[in-house]
Asks: 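Mind having a look at this structure? Questions to follow.
When a residue number appears, it is its place in the shown sequence, counting from 1. Worth knowing before you read on, the calculation uses all heavy atoms, side chains too, and leaves out hydrogens, waters and symmetry mates. Just so you know, ligand 1 is whichever comes first in the structure, and atom 1 is the first atom listed for that ligand.
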Amino acid sequence: MTSTVEQLIAQYPLVKQLIALEEVSWFNPHITSLNDALPYVGLDQSDIADASERLSRFAPYLAKAFPETAAHSGIIESELVSIPHMQAQLEKEYGTSISGRLLLKKDSHLPISGSIKARGGIYEVLAHAEKLAINAGLLTETDDYSQLFNQQYQDFFKQFSIAVGSTGNLGLSIGIISAKLGFSVSVHMSADAREWKKAKLRASGVNVVEYQQDYGVAVAQGRQEAQSDPNCFFIDDENSQALFLGYAVAGERLKAQLDAQNILVDAHHPLFVYLPCGVGGGPGGVAFGLKMAFGDHVHCLFAEPTHSPCMLLGVHTGLHDEICVQDLGIDNITAADGLAVGRASGFVGRAMERLLDGYYTLSDDRMYQLLGQLSLTENIQLEPSALAGMLGPILLTQDTGYRQRMQFDEGTMKNATHIVWATGGGMVPEDEIQAYLKKSGLY
Ligand SMILES: *Cc1c(COP(=O)(O)O)cnc(C)c1O
């Protein structure tokens, strides 16, 4: 292994910096147009439309089963807000002006489970439930799905089980929606999962199985349990197209939000989106949806902790899921829940590598600092992982090589919109939020 690592470093000097846990950024020289990249994704607009229509069919059910979604008629969506004070704070802190405007996409406050997982995770369970009910002759696509809230359907779903491996937030989403529909659901949780998430799941009637090891082990165990039971459906965070499509619906939703705020996106008004990345399904799916909605005018960057740079490692070396950070002696220990993933999704990396403008890593300390600064300047409280995207606008602005290669001149950059995708935090208990703020050193 040692010699393999040395060879890897010789070929990809950046790997040495990853091993040293340095904060790095890599702007992808192999980016192509959407048209050239699409065949590698293997999915297209019709797949997203299908997912979007499915979510619309379920909206009456969600509005009834989760009253907090009723105000938006059962559509699970988050706010897009301007954060000018944080923008000024970043500019001051890093001595760089961020051209254009800075917005925050608050998936942190999505209803039902308070994280980006309320997109993909919930969608995949709904798609599975729909298939079962339709196959059993209990439902047709033209029915009013609010009837799924009736006891008859809950009794039907009770015969089936669902299993998932999770560091926390995915388990929360899958567990809550599955239990509500009536499924027997097991969430296999890694050692780093928070106590309050386990407690919340148990209170919702979910079977929580705990492991002392990391996410990879929890997933493997969950998968194994599901294989021995034909009535058990395993949600595969690493390879699921359904999850990916659930996330991808965010693209058209964001487009409608930008239209409503009269924010233009075109060749002279680029859109930059900064997404925290764990295994890759969430940011990958969202990025795919954004590309389908905005074409080549949207530019996505993935952000990872210095201790868990699995996607950067996999894409940069071309090894994808054939390498994990532990192979390099990196410990995969980070305070960023949801991002503590050692091996990236091979599906997402291979599908999306031509469509992503860049990748970077940042330290836990920096996530905490950004967490404190966002709270102080905008009074918005997030969990550490959700701050990973916040450094992106600075790194992008500072990288003149990237901007020249992409031909973003000053005039174009002035028209830019930067969106930091806040992926979690809305349901974190108050005492945990206070502990996070303390760690920032600013409170
Ligand atoms: C899961 C998660 C992510 C990343 O999603 P992946 O699909 O694992 O890449 C980012 N932030 C938070 C808070 C998450 O829970």
Side-chain angles (χ1 to χ4, degrees), residues 78 104-110 112-124 164-176 187 189-190 192-194 197 214-216 218-219 235-248 250 273-289 300-305 308-312 314-315 321 332 334-349 351-352 356 359 362 364 367 370-371 381-390 392 420-428 432 436:
S78 70
L104 189 73
K105 179 63 175 161
K106 289 175 73 179
D107 273 13
S108 47
H109 292 75
L110 279 173
I112 302 181
S113 66
S115 82
I116 189 172
K117 304 296 192 309
R119 295 185 185 277
I122 289 176
Y123 172 74
E124 178 152 14
V164 65
S166 171
T167 59
N169 287 337
L170 183 66
L172 212 52
S173 290
I174 304 274
I176 291 172
V187 177
M189 288 193 132
S190 47
D192 50 322
R194 309 272 149 190
K197 291 180 185 172
D214 79 353
Y215 163 85
V219 172
I235 308 254
D236 185 351
D237 195 15
E238 290 169 358
N239 297 293
S240 168
Q241 286 197 351
L243 268 178
F244 189 81
L245 289 169
Y247 290 118
V273 182
Y274 308 93
L275 295 146
C277 179
V279 74
V286 169
F288 176 57
C300 300
L301 277 78
F302 282 11
E304 295 175 290
S308 307
C310 64
M311 188 61 79
L312 172 49
V315 171
D321 53 355
N332 190 32
T334 166
D337 282 20
L339 307 188
V341 178
R343 189 184 302 275
S345 160
F347 153 59
V348 172
M352 294 300 296
L356 301 174
Y359 309 77
L362 76 176
D364 282 18
M367 284 184 244
L370 293 164
L371 184 150
Q381 288 80 30
L382 304 175
E383 61 182 277
S385 22
L387 276 303
M390 198 63 83
V420 172
W421 212 278
T423 47
M427 285 178 33
V428 176
E432 301 248 349
Y436 287 151

Asks: Kindly say whether Asp321 contributes a backbone atom to a donor-acceptor pair with the side chain of Arg343 at under 3.5 angstrom?
Replies: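 Yes; at least one donor-acceptor contact below 3.5 Å.
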Asks: For the residue pair Pro384 and Ala336, what are the closest heavy atoms and their distance?
Replies: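 The answer is CB-CA, 4.4 Å.
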Asks: Suppose I only count heavy atoms of Thr423 and a 4.0 Å limit; which atoms of ligand 1 are within that range?
Replies: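 This gives 10 (C), 11 (N), 12 (C), 13 (C) as the contact atoms.
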Asks: Residue-level breakdown please: for Val341 versus ligand 1, do any non-hydrogen atoms fall below 4.0 Å on the side chain, on the backbone, on both, or on neither?
Replies: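 Neither part.
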Asks: Give me the residue, atom name and distance of the protein heavy atom closest to atom 4 (C) of ligand 1.
Replies: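 Result: Gly278 N, 3.5 Å.
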Asks: Please list the nearest protein heavy atom to atom 1 (C) of ligand 1 with its residue and the distance rounded to 0.1 Å.
Replies: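 Going by distance alone, atom 1 (C) of ligand 1 is nearest to Lys117 NZ, 1.2 Å.
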Asks: Which atoms of ligand 1 are found less than 4.0 Å from any heavy atom of Ser385?
Replies: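 In order of number, 13 (C).
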Asks: Do Ser240 and Glu124 have side-chain N/O donor and acceptor atoms under 3.5 Å apart?
Replies: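 Side chains of Ser240 and Glu124: pair found under 3.5 Å.
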Asks: How far is atom 5 (O) of ligand 1 from its nearest protein heavy atom, and which residue and atom is that?
Replies: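 Of every protein heavy atom, Pro283 CD, 3.6 Å lies nearest to atom 5 (O) of ligand 1.
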Asks: Please list the nearest protein heavy atom to atom 8 (O) of ligand 1 with its residue and the distance rounded to 0.1 Å.
Replies: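 So the nearest neighbour among protein heavy atoms is Val279 N, 3.0 Å.
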Asks: Can a side-chain donor-acceptor contact be found between Ser78 and Asp107 if the only test is distance below 3.5 angstrom?
Replies: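 Judged by distance alone, the side chains do pair up.
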Asks: Testing the basics here: between Val286 and Ile116, what is the closest heavy-atom pair and its distance to 0.1 Å?
Replies: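 Taking every non-hydrogen atom into account, CG2-CD1, 4.1 Å.
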Asks: Checking a contact table here: which protein heavy atom is nearest atom 7 (O) of ligand 1, and how many Å away?
Replies: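 Atom 7 (O) of ligand 1 sits closest to the protein heavy atom Gly282 N, 2.7 Å.
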Asks: I want to know if ligand 1 touches Gly281 in the polar sense, i.e. an N/O pair below 3.5 angstrom.
Replies: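 Min N/O separation from ligand 1 is below 3.5 Å for Gly281.
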Asks: Do you know the tightest heavy-atom contact between Ala303 and Gly389?
Replies: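 Distance-wise, the nearest heavy atoms are CB-N, 4.2 Å.
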Asks: Would you say the side-chain atoms of Ser308 pair up with the backbone N or O of Ala340, donor to acceptor, closer than 3.5 Å?
Replies: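 Not a single qualifying donor-acceptor pair exists.
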Asks: Test Tyr247 against Phe288 for ring-ring contact (aromatic ring centres under 6.0 Å, His included), laying out the working first.
Replies: CA-CA 9 Å; Tyr247 290 118; Phe288 176 57; over 10 Å; no
Asks: Going by heavy-atom distance to atom 6 (P) of ligand 1, choose the closest among Gly280, Gly284, Ser166.
Replies: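 It is Gly280 that holds the nearest heavy atom.
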Asks: What do we get for Asn169 next to ligand 1 when only non-hydrogen atoms under 4.0 Å count, side chain, backbone, both or neither?
Replies: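 Side chain only; the backbone of Asn169 stays clear of ligand 1.
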Asks: Could a heavy atom of Ala386 be found less than 4.0 Å from some atom of ligand 1?
Replies: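 So Ala386 does not count as touching ligand 1.
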Asks: Check whether any heavy atom of Leu170 sits under 4.0 Å from an atom of ligand 1.
Replies: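 Not so, Leu170 does not reach ligand 1.
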Asks: Output yes when Asp337 and Lys197 qualify as a salt bridge under the 4.0 Å nitrogen-oxygen rule, no when they do not.
Replies: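 Yes, this pair counts.
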